[in-house]
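Take a look at the structure below.
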Amino acid sequence: MAILDFEPKEVFYYFEKICGIPHGSSHTDLISNYLVNFAKEHGLKFIQEECGNVIIFKEASKGYENAPILILQGHMDMVCEKDEEADIDFLKDGLQLQVKDDDIFANHTTLGGDDGIAVAYILAILASPDSEDGIKHPALEAVFTVDEEIGMLGASALDASVLKGSMLINIDSEEEGILTTSCAGGVVGEVTLPFHLTEVEGVSYELLIEGLNGGHSGVEIHKERGNANILMGRLLFEISERMGFGLSAVSGGLKDNAIPRVARAVIWLDEENQVILEEVAEKFVKTIRNEYRVSDSNVTVKVHRQEDVQGVMISPKEKEMLIYILRNLPNGVQKMSMDIPGLVETSCNLGIVKTLEDSVKLQISIRSSVESEKRELSDKIRYLTEFLGCNYQEYGDYAGWEYNPDSKLQKIMIEVYEKMYGKQPKVEAVHAGLECGILSAKLPGLQCISIGPNILDIHTPKERLSISSTKRVWEYVKAVLSEIK
């Protein structure tokens with residue numbers, strides 16, 4: 001038990017419980033059932049939806065019976081990323097928590113502070129006793145959604161007709177002192193390139209690009225970090241300029257909304273060309289380290305010779321089509337906002353490349369705070385790839401969340417912050433997608449704010465949660481609840 005001695009103990013108690021339960025996206029049954037058991041143990045009314053969403057209801061504290069009903073919301077799934085040396089099965093194992101100075105992190109894996117800390121905060125509130133010593137609050141509707149990280153599927157499936165709340169606090173932001181009041185909408189574009197295989201003889205080589213920092217494609221896309229999939233397309237193009245080769249497979253990335261840190265390819269070539277291949281790789285890594293010297297100075301390219309003498313490769317024409325797509329697919333920041341300085345307005349991220357038996361699939365996270373620009377970027381990718389004979393489809397489309405200047409919840413949260421800290425919080429929009437957009441579309445007039453403690457390098461094995469920030473945000477949330485009368 002690594003973190004139970006830290007304050008607030010009631011929050012870290014539940015956070016450690018959550019970290020001990022496997023809860024990666026698409027595998028949230030265990031955490032969903034844990035929430036149900038929590039509700040039963042505390043005598044709280046609950047609903048568990050077929051998809052795994054859980055809603056827990058708690059009556060208002062004495063004196064708050066006439067206050068507006070408040071929705072507290074977070075998602076229960078996490079992005080499961082790990083370093084090569086990590087000894088973990090995300091389907092079976094809990095996380096190995098570590099503490100250094102003010103940070104909680106996991107051993108060579110993502111921590112899931114996004115959004116395990118929200119679940120921990122909300123459970124600590126729900127578990128608070130209904131007495132003078134307990135947390136004062138209006139009637140609460142705690143909404144825990146599944147599969148936020150793979151397209152906000154839980155929020156999209158949620159039956160919001162059971163909810164009566166007029167205000168919502170989403171705890172899915174990663175920087176203390178910021179009230180997020182609007183967000184981008186998004187959609188995932190999936191490209192499928194069918195291919196034919198032919199037999200090949202010779203020597204195969206594995207190309208491995210790694211050492212990139214990666215990160216969240218909404219929160220950190222503006223940092224211009226290297227995308228391993230895009231770089232692999234560039235490397236394959238550089239090789240093709242020097243020699244002919246066969247291509248068996250390309251893969252990279254685990255989540256469409258995470259900037260991929262690692263990409264692999266298997267190629268075939270004549271043995272006498274190995275020296276040229278190594279020369280190309282050496283020159284390439286020098287070039288990339290120079291271009292990305294600020295964001296990804298530790299990028300590496302490795303060439304591993306295999307022992308195969310026979311195998312299969314993608315047909316030459318389809319190989320060239322794949323390299324063309326990887327070289328020309330839009331990626332990264334596409335447009336900055338002219339209304340809000342520093343805000344990315346439109347972007348896309350080639351998060352996943354995967355070679356299957358008869359096709360290569362590419363998944364692209366497309367985001368924009370302007371709906372027409374989101375549609376235009378998706379149409380552009382569709383037109384480019386369908387022109388080459390690929391199939392294109394969309395899924396996980398979610399709406400953006402528009403700013404509400406008349407929000408009473410926003411006014412309360414600003415006033416409480418000023419009273420506690422003697423300064424105003426930042427009120428900002430964010431390029432990342434938040435479930436507030438989907439939920440506000442389901443509940444017209446819903447007033448939403450998103451907050452959270454400091455969490456750095458989310459969606460990467462470097463993810464870490466600030467202990468002191470967690471405590472400050474806890475005190476802030478409790479103060480806000482007591483002011484909603």
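The residues of the chain are indexed from 1 along the displayed sequence. Source: prediction; values computed, not measured. Keep in mind that the numbers below use all heavy atoms, side chains included, and drop hydrogens, waters and symmetry copies.
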Val360 vs Val250, test: side-chain contact (heavy atoms from CB on, under 4.5 Å). Steps then yes/no. CA-CA 8 Å; Val360 177; Val250 179; 5.6 Å; no
Among [options], which residue meets the side chain to side chain contact (heavy atoms under 4.5 Å, CB included) test with [X]?
{"X": "Tyr392", "options": "Asp379, Val191, Leu384", "result": "Val191"}
{"X": "Val370", "options": "Lys335, Arg375, Glu345, Glu376", "result": "Glu345"}
{"X": "Met167", "options": "Ile69, Leu446, Leu409, Ile449", "result": "Leu409"}

Using a 4.5 Å cut-off on heavy atoms from C-beta on, say whether the side chain of Ile117 contacts that of Val11.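 In contact.
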Can you check whether Thr180 reaches Ile178 side chain to side chain, under 4.5 Å on heavy atoms?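 Thr180 reaches Ile178 side chain to side chain.
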Mark yes or no for whether [X], through its side chain, and [Y], through its backbone, hold a donor-acceptor pair below 3.5 Å.
{"X": "Asp89", "Y": "Leu91", "value": "yes"}
{"X": "Glu141", "Y": "Gly165", "value": "yes"}
{"X": "Tyr476", "Y": "Met413", "value": "yes"}
{"X": "Lys136", "Y": "Gly134", "value": "yes"}
{"X": "Glu483", "Y": "Ile412", "value": "no"}
{"X": "Lys442", "Y": "Leu158", "value": "yes"}
{"X": "Tyr121", "Y": "Thr470", "value": "yes"}
{"X": "Asn349", "Y": "Asp256", "value": "yes"}

Compute whether any side-chain donor of one residue and acceptor of the other, for [X] and [Y], lie under 3.5 angstrom apart.
{"X": "Thr181", "Y": "Gln410", "answer": "no"}
{"X": "Thr28", "Y": "Asp77", "answer": "no"}
{"X": "Asp159", "Y": "Ser161", "answer": "yes"}
{"X": "Ser450", "Y": "Asp172", "answer": "no"}
{"X": "Arg367", "Y": "Ser217", "answer": "yes"}

More than 12 foreign heavy atoms under 6.0 Å from [atom1] of [X]: is that the case here?
{"X": "Glu85", "atom1": "CD", "value": "yes"}
{"X": "Glu65", "atom1": "CD", "value": "yes"}
{"X": "Glu59", "atom1": "CD", "value": "no"}

Pairwise ring pair (Phe, Tyr, Trp, His ring centres under 6.0 Å) hits with a residue in residues 65-112, at least two apart: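 Not a single pair qualifies under ring pair (Phe, Tyr, Trp, His ring centres under 6.0 Å).
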I need the single residue from Arg261, Glu81, Glu149 that forms a side chain to side chain donor-acceptor pair (under 3.5 Å) with His459. Which is it?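 Between His459 and the candidates, side chain to side chain donor-acceptor pair (under 3.5 Å) is satisfied uniquely by Glu149.
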Considering only NZ, NE, NH1 and NH2 on the basic side and carboxylate oxygens on the acidic side, decide whether Lys374 and Glu371 come within less than 4.0 Å.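 Here Lys374 pairs with Glu371 in a salt bridge, since their nearest N and O are under 4.0 Å apart.
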For Lys471, is there an ion pair with Glu7 - N to carboxylate O distance below 4.0 angstrom?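 A salt bridge is absent here (no side-chain N lies under 4.0 Å from a carboxylate O).
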Restricting to side-chain hydrogen bond (donor to acceptor under 3.5 Å, both in side chains), what partner residues turn up for Lys462, sequence neighbours left out?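 Once residues adjacent in sequence are excluded, the partners of Lys462 under the side-chain hydrogen bond (donor to acceptor under 3.5 Å, both in side chains) criterion are Asn213.
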Give the C-alpha distance, both sets of side-chain angles, the deciding distance and a yes or no for salt bridge (Lys or Arg N to Asp or Glu O under 4.0 Å) between Lys354 and Glu190. CA-CA 11 Å; Lys354 182 165 51 178; Glu190 183 177 81; over 6 Å; no
